[in-house]
Every structure is written in C-alpha cells, then in structure tokens.
Asks: 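Structure incoming, see below.
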Number of protein chains: 2
Amino acid sequence: MPFKLAMKAPRPLSDEALALIARRFAVLAEPTRLRLLHALFAGEKSVNELVELTGGTQANVSRHLQTLAHAHMLGRRKEGLQVFYAIADPSIFKLCELVCGSLEKSLNKQAEVFAQ
Amino acid sequence: MPFKLAMKAPRPLSDEALALIARRFAVLAEPTRLRLLHALFAGEKSVNELVELTGGTQANVSRHLQTLAHAHMLGRRKEGLQVFYAIADPSIFKLCELVCGSLEKSLNKQAEVFAQ
DNA sequence: GCTTTATATGAGCATATAGTTATATACGAG
DNA sequence: CTCGTATATAACTATATGCTCATATAAAGC
C-alpha cells in the first residue's frame with residue numbers, strides 16, 4: 001500500500017494532506033533546526049558536537065533534533081553514552097538549494113527597488 | 001550588487017540568512033496558504049474566486065494572500081474592483097514536488113513499521 | 001452624491017511553539 | 001556500588017501566528 005500524493009495533481013488535496021505538507025515545511029521553518037541541518041551537511045555528528053557547533057543549549061538542541069528525527073529528516077544511532085545524528089532525507093539538500101535560490105531572487109527584487 | 005547565498009556552501013551562514021530562509025519555509029508551513037497556492041497552480045484568480053475555492057473567509061484569505069505576495073511568491077494586479085493573484089515564483093512548484101516526495105517516503109516508512 | 005461591491009486591515013482572542021531550568025534515565029569508569 | 005557524563009524530557013514562560021469580527025478604503029454604477 002504505497003502512499004502517493006503530488007501537489008500538482010489536478011485532484012483536490014485533502015485537508016489532512018495539506019496539514020502534513022504544511023507540517024513538513026514547519027519543521028524547516030526554524031533557524032535553530034536549519035543551523036543543525038547545516039552542521040550535519042558535513043556528516044554525522046553527536047549531540048554534544050552539535051551543541052558546540054550551534055551554540056545552543058543541550059536541552060534545546062536535543063529537542064530540535066527530536067523534531068527532525070521524528071520527521072524522518074534525520075537518522076539516529078546510539079553508541080554507548082553518545083547519540084549520533086545524520087541527514088536521512090537527501091531531498092533536504094535540494095529543498096534548501098531551491099529556497100536559497102528563490103530567496104536570492106526575492107532579495108534581488110527588493111534591491112532593484114532601492115536601486116531606482 | 002547581486003545577493004548570493006547557498007545552504008550547501010562550506011562557509012557558515014549568518015543568523016540573518018538562516019532567519020530569512022526559515023521565514024521562507026514558514027510562509028509555506030500553513031495549510032490555508034498551501035490551499036491557495038494549490039488553487040493558483042491552475043492559473044491566475046481573483047480574491048473572490050479564491051475565497052470560494054478554498055472555503056475560507058474573505059478576511060483570512062486576503063491576509064494570507066498578502067503574506068504570499070510580500071514573500072514574492074505571488075504576483076498581484078488590480079482591475080477595477082477586483083484583485084488578481086498568480087504564482088510569481090516558479091520554484092514553488094518544484095518545492096512542493098520535493099516535499100510531497102519526501103513526505104511520501106516518510107509515510108511509507110511509517111507504513112512499513114505497521115506492516116511488520 | 002449615494003449605494004453597492006471587492007478587498008485590505010485593525011483589534012482581539014485562542015493556540016502553538018521556541019527557549020529555559022530542572023531533572024530523569026542510561027551508560028561507563030573506578 | 002558510586003560518581004560523572006551524555007542525552008532526553010517535563011514544566012513553565014514569552015512570543016508568534018492563525019482566525020474572526022468589524023470596518024476602512026477604493027472602484028463602479030445610477
């Protein structure tokens with residue numbers, strides 16, 4: 001029973017589907033979580049490493065990591081006392097690339113207004 | 001002075017850039033706004049049409065349209081009493097495609113757990 | 001000018017969420 | 001077993017945001 005949905009399908013999307021998609025974007029709509037993802041672009045890291053790299057508190061970092069893991073964006077493995085997280089969803093890379101691109105355009109559009 | 005940024009650049013992203021990117025995702029992290037975008041995938045529409053298509057109140061729809069327009073995701077033109085909105089940022093299509101794809105995977109992954 | 005229509009926006013309320021403090025739990029070393 | 005370390009989580013607070021109601025503003029017709 002594979003689950004199939006597409007935003008550009010002509011059929012209407014259910015409220016449930018929209019909520020799920022929105023939730024997906026919401027997970028990424030948070031600077032701290034983006035900071036964590038960015039740190040993990042370089043490869044798997046422990047919670048402690050991420051705490052140091054992002055400058056956040058251990059509790060806060062842990063909470064955000066949980067959110068990302070529950071969304072299956074991160075994979076998690078434990079080794080003794082340490083827990084390691086890594087990017088588990090490759091589409092994250094493409095997503096961020098797209099958003100940065102359209103953000104650049106948006107900013108350039110704003111810059112044009114000032115240039116006039 | 002073109003503005004250039006990329007999520008996968010090895011240089012650290014400023015807090016400002018992360019906030020802007022997060023804000024970008026936040027605009028999409030809302031079912032009503034997704035519903036509006038979905039309706040506009042079919043082409044330009046007036047506010048009133050969007051109110052009917054989405055079943056939202058005029059006030060709420062108008063407010064969300066403003067958010068999307070301010071983010072340069074929608075373009076806006078006025079004709080007499082009516083205002084028409086249309087998708088202005090083509091990367092929206094690709095964005096939603098990517099998110100739907102990874103959401104499917106995430107749901108299928110969950111379905112696997114139940115299948116066992 | 002007056003009335004109607006279409007849209008944007010102010011103000012208020014309810015809910016969600018980020019960050020913090022404190023602490024529970026698991027793991028490892030002595 | 002005790003103590004220290006690493007991480008997750010409960011509880012609380014402050015802030016942001018979605019939605020609604022009311023209304024301001026613009027445009028069109030008579």
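Throughout, a chain's letter reflects where its sequence line sits, starting with A, and its residues are numbered from 1. Because the structure is a prediction, the values reported are computed rather than measured.
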Asks: Quickly, which of A:L36, A:V47, A:V61, A:L68 forms a side-chain contact (heavy atoms from CB on, under 4.5 Å) with A:Y85? Name it, please.
Replies: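 One option only clears the test, and that one is A:V47.
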Asks: Starting at CZ of A:F84 and ending at C1' of D:dA8, how long is that distance when rounded to a whole Å?
Replies: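 Rounded to the whole Å, the gap is 16 Å.
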Asks: Report yes if a side-chain nitrogen or oxygen of B:T57 is closer than 4.0 Å to either non-bridging phosphate oxygen (OP1 or OP2) of D:dT20; otherwise report no.
Replies: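 It does, given that an N or O in the side chain of B:T57 lies less than 4.0 Å from OP1 or OP2 of D:dT20.
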Asks: Is it the case that over 12 heavy atoms from other parts of the model lie below 6.0 angstrom from the NZ atom of A:K45?
Replies: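 Yes.
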Asks: Between A:L81 and A:A26, name the one whose nearest nucleotide on DNA chain C is closer to the 5' end.
Replies: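 Result: A:A26.
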Asks: Taking CD from A:Q58 and P from D:dA6, how many angstroms apart are they, rounded to a whole number?
Replies: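 After rounding, the gap between these two atoms is 10 Å.
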Asks: Quick one: A:K78 NZ to D:dT5 P, roughly how many Å, whole number?
Replies: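 Nearest whole value for this atom pair: 18 Å.
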Asks: Round to the nearest Å and state the distance from A:E30 atom CD to D:dA16 atom C1'.
Replies: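 After rounding, the gap between these two atoms is 12 Å.
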Asks: Rounded off to whole Å, could you give me the CG-to-P distance for the A:N48 and D:dG4 pair?
Replies: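 Taking CG of A:N48 and P of D:dG4, I get 18 Å after rounding.
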Asks: Taking atom types as modelled, find out whether A:D89 and A:S91 have a side-chain donor-acceptor pair closer than 3.5 angstrom.
Replies: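 Short answer, yes.
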Asks: CD1/A:I21 to CG/B:L28 distance, rounded to the nearest 0.5 angstrom?
Replies: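 Nearest 0.5 Å value for the CD1-CG distance: 10.5 Å.
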Asks: Would you mind classifying the nucleic acid contact of B:N60 as base, sugar-phosphate or nothing, using non-hydrogen atoms under 4.0 angstrom?
Replies: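 Contact class for B:N60: base.
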Asks: Grab the CZ-P distance between B:R23 and D:dA16 for me, whole Å please.
Replies: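 After rounding, the gap between these two atoms is 11 Å.
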Asks: Using atom CZ of B:R63 as one end and atom P of D:dA16 as the other, report the distance to the nearest whole Å.
Replies: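 Spelled out: CZ on B:R63 to P on D:dA16 is 16 Å.
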Asks: Identify the 5'-most and 3'-most nucleotides of DNA chain C with at least one atom closer than 4.0 Å to a non-hydrogen atom of chain A.
Replies: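 Counting from the 5' end, contacts occupy C:dT17 to C:dG28.
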Asks: Please state how far atom CD in A:Q82 lies from atom P in D:dT5, giving the value in whole angstrom units.
Replies: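 Between P of D:dT5 and CD of A:Q82: 13 Å.
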Asks: When you check the phosphate oxygens OP1 and OP2 of D:dC19, does a side-chain N or O of B:H64 lie under 4.0 Å from one of them?
Replies: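 Answer is yes, contact under 4.0 Å.
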Asks: Starting at NZ of B:K94, measure out to SG of B:C96 and round the result to the nearest 0.5 Å.
Replies: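 Going from NZ on B:K94 over to SG on B:C96, the span is 12.0 Å.
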